[in-house]
Amino acid sequence: MALKIEHLRVFVDLSKTLSFTKTGRQAGVTQPAVSKIVDSLENNLGVKLVIRNNKVVRFTQEGHAFAQQIESVLLAYDNAVSQVKSADAQHYQSLRIGYTATPYESKHVPELIHEFTATNPNVHFYIQNLQHNELHRDLQDKTIDFIFTTQDDVADYKAITFTPIGCGGFRALIPSDFNLTAKRKLALNKLDGYPLVFIADSNSGPELVKLQRQAVQACPHSRLIRANNIQSAMVMVKAGLGICFLPKYIYSERSRFIHTVNLDYPKIIYYGIAYLKSNDSPAFQQFIALIQSKSQKY
């Protein structure tokens, strides 16, 4: 079977439904056709992607990784097709943001885009929601133009440059009903006995990983709760389940469910925009300038 882009869409859909029947119905093909598409992909790649036992569909580690990468490629392809089909496509520029829905991004990215497009109507924005550990790959593959992240997170990537928009130390995000306050800075060992919410290493910058590991040593009596990303960690804190750590610039909003305390932890974290050094798009440079001009407000 000659592979087509529609076959890749079917494979990505199967990774979500885990059902040959549902995927076939949604794609308008038969269940055997879905099976043949998977077989063809596996034969072409020489790798087992899907395990089928007693009607249970399970993706291998390689299958999951391939589906995630293909989904990013398909999104970039669809955006490119949309631009080309536009009647005035030659007059438009595009900016593609890798988005992880941090508190900073959720609050400020819509505001920034609104303000920018008011004076730059010929710039089209595309926002791709990604897991933290997918950002670097998609940035280097040029399926996105830039990401919001911390400087330590991209320090090892020579092709990527970083423009800071703010900095600050780490804060403890504490549920409002926890009887825990500090007039100045809070030492890690003062959190001993309180439940701690840790964000998975794969979705954390290097300095946050180090801090969480130090907290394990400083708080031997604390119960540790694992969150797979910032969003789920924030929900847990707001629900009163535990305390988590984030750099000041990523989280600065006020909430009746959370109060923040500066940690007695020496590392200053720089937050900003990461992008390929080769990106010389005029629209991109203008957008960076807008973000920097607004950064003092945040």
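The shortest distance between side-chain heavy atoms of C219 and Y194 does not fall below 4.5 Å. Residues H7 and V29 have side chains not in contact (no heavy-atom distance under 4.5 Å, counting atoms from C-beta outward). You'll find the side chain of L246 reaches within 4.5 Å of the side chain of I199, heavy atoms only. Using a 4.5 Å cut-off on side-chain heavy atoms (C-beta onward), L290 and S293 make contact. Between I250 and T150, some side-chain heavy-atom pair lies under the 4.5 Å cut-off. Counting heavy atoms from C-beta on, the side chains of L8 and V12 never come closer than 4.5 Å. Annotation: side chain of L276 is in contact with side chain of I160 (closest heavy-atom distance under 4.5 Å).
Ring centroid separation for the pair F146 and F287 comes in under the 6.0 Å cut-off.
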Quick one: do I97 and I113 satisfy side chain to side chain contact (heavy atoms under 4.5 Å, CB included)? Show the steps, please. CA-CA 11 Å; I97 304 174; I113 292 176; 4.0 Å; yes
Residues K238, I258; criterion side chain to side chain contact (heavy atoms under 4.5 Å, CB included); working and verdict: CA-CA 6 Å; K238 289 180 179 179; I258 299 174; 3.5 Å; yes
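F170 and V237 fall within a single hydrophobic cluster, where Ile, Leu, Val, Met, Phe, Trp and Tyr side chains are chained together by heavy-atom contacts under 4.5 Å. Note on V235: it does not cluster hydrophobically with F257, by side-chain heavy-atom contacts below 4.5 Å among ILVMFWY residues. No continuous path of hydrophobic side-chain contacts links L241 to I174 [ILVMFWY only; heavy atoms under 4.5 Å]. If you chain together hydrophobic residues whose side chains sit under 4.5 Å apart, L45 and I37 fall into the same group. Follow the hydrophobic side-chain contacts under 4.5 Å out from L186 and you reach F198 in the same cluster.
The OG1 atom of T17 sits 10.0 Å away from the CZ atom of R25 when rounded to the nearest 0.5 Å. Here the straight-line distance linking atom CG of N44 with atom CG of D39 works out to 11.0 Å at 0.5 Å rounding.
Within 6.0 Å of CZ in F178 there are more than 12 heavy atoms belonging to other residues, nucleotides or ligands.
In terms of heavy atoms, V50 sits closest to T60 at N-CG2, 4.3 Å.
The pair R96-D141 does not count as a salt bridge, with every side-chain nitrogen at least 4.0 angstrom from each carboxylate oxygen. Looking at R9 and E6, no side-chain N of the basic residue comes within less than 4.0 Å of a carboxylate O on the acidic one, giving no salt bridge.
Remark: of the listed residues Y275, Y104, Y249, F162, Y104 is the sole one forming a ring-ring contact (aromatic ring centres under 6.0 Å, His included) with F148.
Ring-plane geometry between F11 and F59 is classed as tilted, the angle between the planes lying from 30 to 60 degrees on a 0 to 90 degree scale.
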